[in-house]
Number of protein chains: 2
Amino acid sequence: MTHPALPRALDRLDADRDGALDRLFDFLRIPSISAQPDHAGDCAAAAGWARDALAGMGFTATVRPTAGHPIVLGHHPGPAGGKAGPHLLYYGHYDVQPPDPLDLWHSPPFEPVLADGPHGKRIVARGAVDDKGQVAMILEALRAWHATGGIPLPVTVLLEGEEEVGSVNLAPFLESARAELEADFVVVSDTNMWDRDTPAVTTGLRGLLYTEIEVQGPSRDLHSGLYGGLALNPINALTAVLGGLHDAAGRVTLPGFYDAVRDIPAAQAAEWAALGFDAAAFLGEIGLAVPAGERDRTPLERLWARPTADINGIWGGYAGPGAKTVIAARAGAKVSFRLVPDQDPQAVLDAFRRSVANRLPPGAHATVTCDSAGPGIRVAADTPMVEAARAALADEYGRPAVLIGGGGSIPVVESFRRILGLDTLLMGFGLDDDAIHSPNEKFDLRCFQKGARAHARLLGRLAAAG
Amino acid sequence: MTHPALPRALDRLDADRDGALDRLFDFLRIPSISAQPDHAGDCAAAAGWARDALAGMGFTATVRPTAGHPIVLGHHPGPAGGKAGPHLLYYGHYDVQPPDPLDLWHSPPFEPVLADGPHGKRIVARGAVDDKGQVAMILEALRAWHATGGIPLPVTVLLEGEEEVGSVNLAPFLESARAELEADFVVVSDTNMWDRDTPAVTTGLRGLLYTEIEVQGPSRDLHSGLYGGLALNPINALTAVLGGLHDAAGRVTLPGFYDAVRDIPAAQAAEWAALGFDAAAFLGEIGLAVPAGERDRTPLERLWARPTADINGIWGGYAGPGAKTVIAARAGAKVSFRLVPDQDPQAVLDAFRRSVANRLPPGAHATVTCDSAGPGIRVAADTPMVEAARAALADEYGRPAVLIGGGGSIPVVESFRRILGLDTLLMGFGLDDDAIHSPNEKFDLRCFQKGARAHARLLGRLAAAG
């Protein structure tokens, strides 16, 4: 089923490629780093930019304050004459990760460039793909429909500014704005394709428990010669605690950590095996040769269906040039756990805290604070929305879209289900080598352009079916 | 035996206390941080300051270039008419530790102040006691003799600018300047008193092996959701390596680490026991209650006679506010070992490298670089120089000087013995709570003033005996 106005919307997208890129670059130039308080003004600016973009294509759009960074909400009634199909709620985020380490970027993170890559042009900037570029893709699809046949469905767009810091103010907003968020399902583009030629819909996502641990030592920094051997060294204690997080087989040692973890069903295992994942190539692209993690699991299971523990940062004492013979007063680390469906984040947090208490040397004190906690997600694959998405993707790419798992977390998916009762379609256009959260984050220009076309096609399919 | 001119020298020190403090403050204002290349000019300025001070009291004084920061060398022939006793070689250093963390200082580290403390006035600045304040004490003693009866012995003063970064250029200088460094023994003030009322001579010093380890992970920072479970996390690997450095009894686990370590002789154990060391009070002053280290050793053994392993700094990944779900490309740490006499620094370095290689997870790579390596030192206690020093200290303090061990390292002591054939007298006036290498480093004014008087007395005793 094809909507009669779709060809014009697609033509419009092709004709306005330069304009789309200019608009995305404007969005990327705003350093909306949600984790850093001195960028609060930039987050507000990015929200304003998105509101103006929506208003320019016929949306009633507002910036809503929260206890943190604001939320952008836009409504479009769809075609004159009433509902023509399902009401879509698009979700995305305008905030980005901190760009450090800055010295590894080849161009400044907030001065987007179009660079040459081995597979054509790429957009390079912090947020190029996560998630400003993927949000821009959706906006461009809506803009093309608006400029041609008119947006063919009722649409709500919700963009938050705290996805990279745990979305702490989103759930309260969903609660309070429930009446404005009536829709049939949620559409999110914050995931990846299978590879650059194979589109994908993601049907599982790992959850995330993110913690910070601080170990207290002496009341001040000490000279290691005068005190070493008698004074507690908090870095020694921290490594003693964290060094035992994994056993020799790569399993996480927290008691009970795997109790709720189920093996994937045989049918899914077979589907994933059929994808022909090349672990050596995957690792080779990031300079590694030996897979880490659980030795007795397949690579795709380790990435999509198994929980992990990763230390994301560690600090303490002297890190400058040369030698400083100091025993630090304190040391800390960021420790996070990727969780799979059925694992309870609170139970894992409790187990981690007990493990820390048990492993600390006598006299040492530690605090473990929880930054965010969200469970793993399963999305049913046999729904009309997934089927429409797979069809739209197949139309655009000329090959079937595959169903994949995802290693990352989009905690809001759980909130949409719990608070709004809505399922979420995860249709994303990132690639494994996009370097999100890393220096030189990029979005392949072809992914950006075909992603916008696929979103335009999805609107057409749903409107024609509706 | 008292030198007839000593009373005038002591009176002069008492009369010129304000001048002595002004001169020390000038010295302390120079941020001669040897570890930081952008302070090379300040190191040169501190060397020039010391040369001028020596020249002002009749020394032939020069600043000698080295491959690093320069060395100050001054000669004074002693009294007209020739040698009146032993020729002393004073050693000290004009360089200081980096002052960070700056936010914990109550006054700027290079703006010295005289502050009130629980035991009277204290000089607060980076280098107040380590070692500019103790060097200034010696200079003031020489200045007082120069201004009154004349310096009563032939004296050489050698001040280096790289003690805090391993004294790498000192040994080559000693080799090349051997003819200019003829003397009977070395005198160093870079150690502590037993307590604020009890002077001490130090007869043992731990050595130091200082290393840096870096673990290589992926070729770039990764998103922990997309890669976690399959990609090597270098911080996980680093903590796995370092978390096993100690066993539950507080012993260092490197194979062979204790093989060459001898128990202290019974007589020394008895002397140390008689000191009545109050471990609870010692730890209480630094906010700790439970002694760390080897459970089956006395507190003074742990501090003076047992080797240690301390992680002095650790870094990797994200250490900013909030959450960043990153797998870092690399992680590192500074790891140092305090060594006792008979332990071979090279053997310990080799054992550490083997241990790192054995504990690394499959596919991980690490490099261990050696920053400095110096063995532990024993100084004979039954020599005329130690006896003269104890007598001079008893004269000044009205109570016997005790013989103590020292936990810190003064690697040059070994160089003086090996290259120049000279023994070293370690007579220092620091206190345990001086916070050397820490924020708010201080030197009790009383220690500074009585230390200068004790040095003046030592010169008088040795000249009278000579």
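So you know, we letter chains A, B, ... as the sequences are listed, proteins then strands, and number each from 1. Here the structure is a predicted model, which means the values were calculated and not measured.
Only the side chain of B:Tyr210 comes within less than 4.5 Å of a heavy atom in chain A; its backbone stays farther off. B:Ala435 touches chain A through backbone and side chain together, each having a heavy atom under 4.5 Å away. If you measure heavy-atom distances from B:Arg338 to chain A, the contacts under 4.5 Å come from the side chain alone. Heavy atoms closer than 4.5 Å to chain A are found in the backbone of B:Ala309, but not in its side chain. Proximity to chain A is limited to the side chain of B:Arg295, based on heavy atoms less than 4.5 angstrom apart. For B:Lys334, the part sitting under 4.5 Å from any heavy atom of chain A is the side chain, from C-beta outward, and nothing else. Proximity to chain A is absent for every atom of B:Ala328, based on heavy atoms less than 4.5 angstrom apart. Both the backbone and the side chain of B:Pro98 come within contact range of chain A, each with at least one heavy atom under 4.5 Å from a heavy atom of that chain. With a threshold of 4.5 angstrom between heavy atoms, B:Asp100 approaches chain A through its backbone and through its side chain. For B:Glu301, no part sits under 4.5 Å from any heavy atom of chain A, backbone or side chain. Residue A:Leu238: no heavy atom, backbone or side chain, is found under 4.5 Å from chain B. Using a 4.5 Å cut-off between heavy atoms, A:Glu285 contacts chain B through its backbone alone, with no side-chain atom that close. With a threshold of 4.5 angstrom between heavy atoms, A:Ala289 does not approach chain B through any atom at all. Looking at B:Leu222, both its backbone and its side chain come within 4.5 Å of chain A, counting heavy atoms on both sides. Heavy atoms closer than 4.5 Å to chain A are found in the side chain of B:Gln97, but not in its backbone. There is no contact between B:Leu205 and chain A, counting heavy-atom distances below 4.5 Å.
When each of B:Leu230, B:Leu288, B:Asn236, B:Val290 is checked for heavy-atom pairs under 4.5 Å with chain A, B:Leu230 comes out on top. Contact tally against chain B (heavy-atom pairs below 4.5 Å) for A:Thr325, A:Val241, A:Leu208: the top residue is A:Thr325. Contact count versus chain A (heavy atoms, under 4.5 Å) is highest, among B:Ser219, B:Pro299, B:Gly363, for B:Ser219. Top candidate by heavy-atom pairs under 4.5 Å with chain A, chosen from B:Val165, B:Leu303, B:Thr308, B:Asp371, is B:Leu303. Contact count versus chain B (heavy atoms, under 4.5 Å) is highest, among A:Gly244, A:Ala231, A:Ser336, for A:Ala231. Heavy-atom pairs under 4.5 Å with chain B peak, among A:Gly313, A:Pro37, A:Gly317, A:Ala35, at A:Gly313. Counting heavy-atom pairs closer than 4.5 Å to chain B, the top-ranked of the candidates A:Leu242, A:Leu283, A:Val326 is A:Val326. Interface check for chain A: of the options B:Leu232, B:Thr211, B:Ile314, the most heavy-atom pairs under 4.5 Å are formed by B:Ile314. In terms of heavy-atom pairs under 4.5 angstrom with chain B, the leader among A:Gly322, A:Gly250, A:Ala329, A:Pro439 is A:Gly322. The greatest number of non-hydrogen atom pairs below 4.5 Å with chain A, out of B:Ser224, B:Ala331, B:Ala240, is found for B:Ser224. Here B:Ala292 is the residue among B:Gly293, B:Ala292, B:Gly287 with the most heavy-atom pairs under 4.5 Å with chain A. For the set A:Gly316, A:Ser372, A:Ala319, A:Ala333, the entry with the most heavy-atom pairs within less than 4.5 Å of chain B is A:Gly316.
In this model, no donor atom of one side chain and acceptor atom of the other lie less than 3.5 Å apart for B:His223 and A:Ser438.
In this structure, A:Arg306 contributes its side chain and B:Gly229 its backbone to no donor-acceptor pair below 3.5 Å. For A:Arg220 (side chain) and B:Ile286 (main-chain N/O), no donor-acceptor pair under 3.5 Å exists by modelled atom type.
Nearest approach of B:Ile311 to A:Asn233, heavy atoms of both residues: O-ND2, 3.1 Å. A:Ile235 approaches B:Asn312 most closely through the heavy-atom pair CD1-C, 4.0 Å.
Side-chain contact check for A:Asp221 versus B:His437: every heavy-atom pair is 4.5 Å or farther apart.
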